[in-house]
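First up is the structure itself, then whatever we jot down about it.
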Amino acid sequence: MCIRDRAYVSGYIRSVKASRPDVLTLDSGDLMEKGDLVGFRTRSRITCEAMGRVGYDALSPGNHDTAYGDEHLESCTALAPDMAVLAVNLLTADGTPRFPPSKVFTRSGLKVGVIGVFKPRDELSLDLAETAARVGAEARRLEEEAHLIVALAHLGPRDCATLARAAPSVDVFVSGHSHHALRDPQIIPETGAILVQAGSYAEYVGRLELRVDTETEEILGYEGALVPMTHGAIPRDDEMAAWVAEMERGVAPQASRPVATTHRQLSYREIASLGAEGLRRAAGVDVAFLHTSQIVRATLPVGDVDVNALFRTAGQRAHEVVAVTLSGAEIHAYVEGLASSRWGPTQWSGFRGRYSRDGERKRLESNLEPLRRYRVAMPKKEWDTRFLRYFQRSDDVVGVDVEHLLALQPTPTSTSFTEAVVRLLDSADAGSSPGDVAAAIQRDALLGE
């Protein structure tokens, strides 16, 4: 989440709390490795402190929240001392729980038991089956002291349904991880549990209102909605906004520098095209790539574009950029193979190409010279999670030496996505919008008839 958006989230939450005393504020995780330059440069310490200022009651960590280590997560969340961090399935090295599994909150006489669920990982956590069993056991224990049981789960709707089958006494699932913006609550058929999820990047705050009979512990009715955090329509917390501005000036003073104005929202593909062209120029290479879905994590909204807005789109995942020398045939194999894989295509700059269909497979026609050696740049994350993985896992690659490709050691460059795209837009013709620049790049990358 952009730290600036916390002022609107805070303003909305404060306005709701001012009119009623029975509000419980929950977050289902991934507050780290998301958002803006301030969060990035402080490894999300400021993000956690902001959450404490907003007044969150509980957090269930997401997979990105342990990116800097579990101990770092603990030190960050300590900056929000009134926010409970809950995880029934996240373990320390000796196998003990790292955080409490649950907490009971009382609001207007209603006791709400909240169970935290971390997304299972390969080590130091329970797997999904063990997690489901543990949630079931914790829910049964909470039945003795709570009127309502909520699973605050950094899991998508499908995995939440798995938990529900093992924990039928859970009444509500506050879901995460999958970025679903569920405009209306869903019902898990097997248990009747209510499931909600509020998308990502603070575009919305999810609001769920329940009417509960404390005698029978039945939910008599509910209403749910996603409330868009539209600037100007949502009351801003001015005290939070001033604090954010102060933090930004100290940590990332260039974040608010104006770069351009866009009159329409730019898509992931357009942003990836800007990134590929910007990296090619800034790194001084022949060819550059930027993967559409793996690297780009947010669109560019309508309005004035500053450095921070560009960083939010792909700056986190393309902060490190590497360069390597590849033949035209090797570039061709990567681009063509990736487009037909489950990971989808990457955007390129530095050659012309187009796809055609051959049954279920996409074929690439290009002006790449198979034997020529090209200097190629791409985000390090794309190299690690797309280039290497594609050649490691594909058994139908022909015409290139896969073992040679897997042994290559790319070299770091001195540029990043944000710096490269800022330079690209700064050099654009007067009056050109980011959309105009992206369209020109895509035309240049298209092989003519």
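What you are looking at is a predicted structure, and each value in this text was computed from that prediction instead of being measured.
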Please check if any side-chain donor atom of [X] sits under 3.5 Å from a side-chain acceptor atom of [Y], or the reverse.
X      : Y      : answer
Ser108 : Asp22  : no
Ser432 : Asp429 : no
Ser10  : Arg14  : yes
Arg183 : Tyr204 : yes
Asp30  : His177 : no
Arg375 : Thr325 : yes

Contact check, side chains of [X] and [Y], non-hydrogen atoms, under 4.5 Å:
X      : Y      : answer
Asn308 : Val38  : no
Gln294 : Arg317 : yes
Val170 : Leu163 : no
Val335 : Tyr355 : yes

Looking at Ala445, is its backbone amide N or carbonyl O close enough to the side chain of Trp348 to form a donor-acceptor pair, meaning the two atoms are under 3.5 Å apart?
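Yes; at least one donor-acceptor contact below 3.5 Å.
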[atom1]-[atom2] distance between [X] and [Y], expressed to the nearest 0.5 angstrom:
X      : Y      : atom1 : atom2 : answer
Phe391 : Leu406 : CZ    : CG    : 8.0 Å
Leu24  : Tyr56  : CG    : OH    : 12.5 Å
Ser341 : Arg393 : OG    : CZ    : 10.5 Å
Leu155 : Leu128 : CG    : CG    : 6.5 Å
Leu59  : Thr25  : CG    : OG1   : 12.5 Å
Thr66  : Glu74  : OG1   : CD    : 11.5 Å

The test is side-chain contact (heavy atoms from CB on, under 4.5 Å); show your working for Leu364 and His332 and say whether it passes.
CA-CA 7 Å; Leu364 177 70; His332 187 282; 3.7 Å; yes
In terms of relative ring orientation, are Tyr68 and His72 parallel, tilted or perpendicular, with 30° and 60° separating the classes?
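Ring orientation of Tyr68 relative to His72: perpendicular.
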Hey, what's the ring geometry for Phe40 with Phe311, parallel, tilted or perpendicular (30° and 60° as the breaks)?
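Geometry flag for Phe311 against Phe40: tilted rings.
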Closest heavy-atom pair and its distance - [X], [Y]:
X      : Y      : value
Leu290 : Gly275 : CD1-CA, 4.0 Å
Val422 : Leu310 : CG2-CD1, 3.7 Å
Ala139 : Ile149 : O-CD1, 3.3 Å
Ser178 : Gly156 : OG-CA, 3.5 Å

If the threshold is 4.0 Å, N to carboxylate O, is there a salt bridge linking [X] and [Y]?
X      : Y      : answer
Glu382 : Lys380 : no
Arg281 : Glu277 : yes
Arg53  : Glu49  : yes
Asp306 : Arg312 : no
Asp57  : Arg107 : yes
Arg264 : Glu270 : yes

Applying side-chain hydrogen bond (donor to acceptor under 3.5 Å, both in side chains) as the test, list every pair that has at least one member in residues 282-292; sequence neighbours left out.
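Checked against side-chain hydrogen bond (donor to acceptor under 3.5 Å, both in side chains) - neighbours excluded - the pairs reaching residues 282-292 are Thr292-Gln347.
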Validation row, ring centre Tyr334 to ring centre Phe289 under 6.0 Å:
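Close enough - the centres of the two rings lie under 6.0 Å apart.
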is_close_aromatic(Tyr8, His231), centroid dist under 6.0 Å
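They qualify: ring centres under 6.0 Å apart.
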Under the rule for ring-ring contact (aromatic ring centres under 6.0 Å, His included), what residues qualify as partners of Trp383, not counting sequence neighbours?
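If we apply the ring-ring contact (aromatic ring centres under 6.0 Å, His included) test to Trp383, skipping adjacent residues, the hits are Phe387.
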Tell me, with the steps shown, if Leu152 and Ile115 meet side-chain contact (heavy atoms from CB on, under 4.5 Å).
CA-CA 6 Å; Leu152 184 59; Ile115 304 170; over 6 Å; no
Can you tell me if CZ on Arg98 sees more than 12 non-hydrogen neighbours from other groups inside 6.0 Å?
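More than 12 heavy atoms, drawn from other residues, nucleotides or ligands, come within 6.0 Å of this atom.
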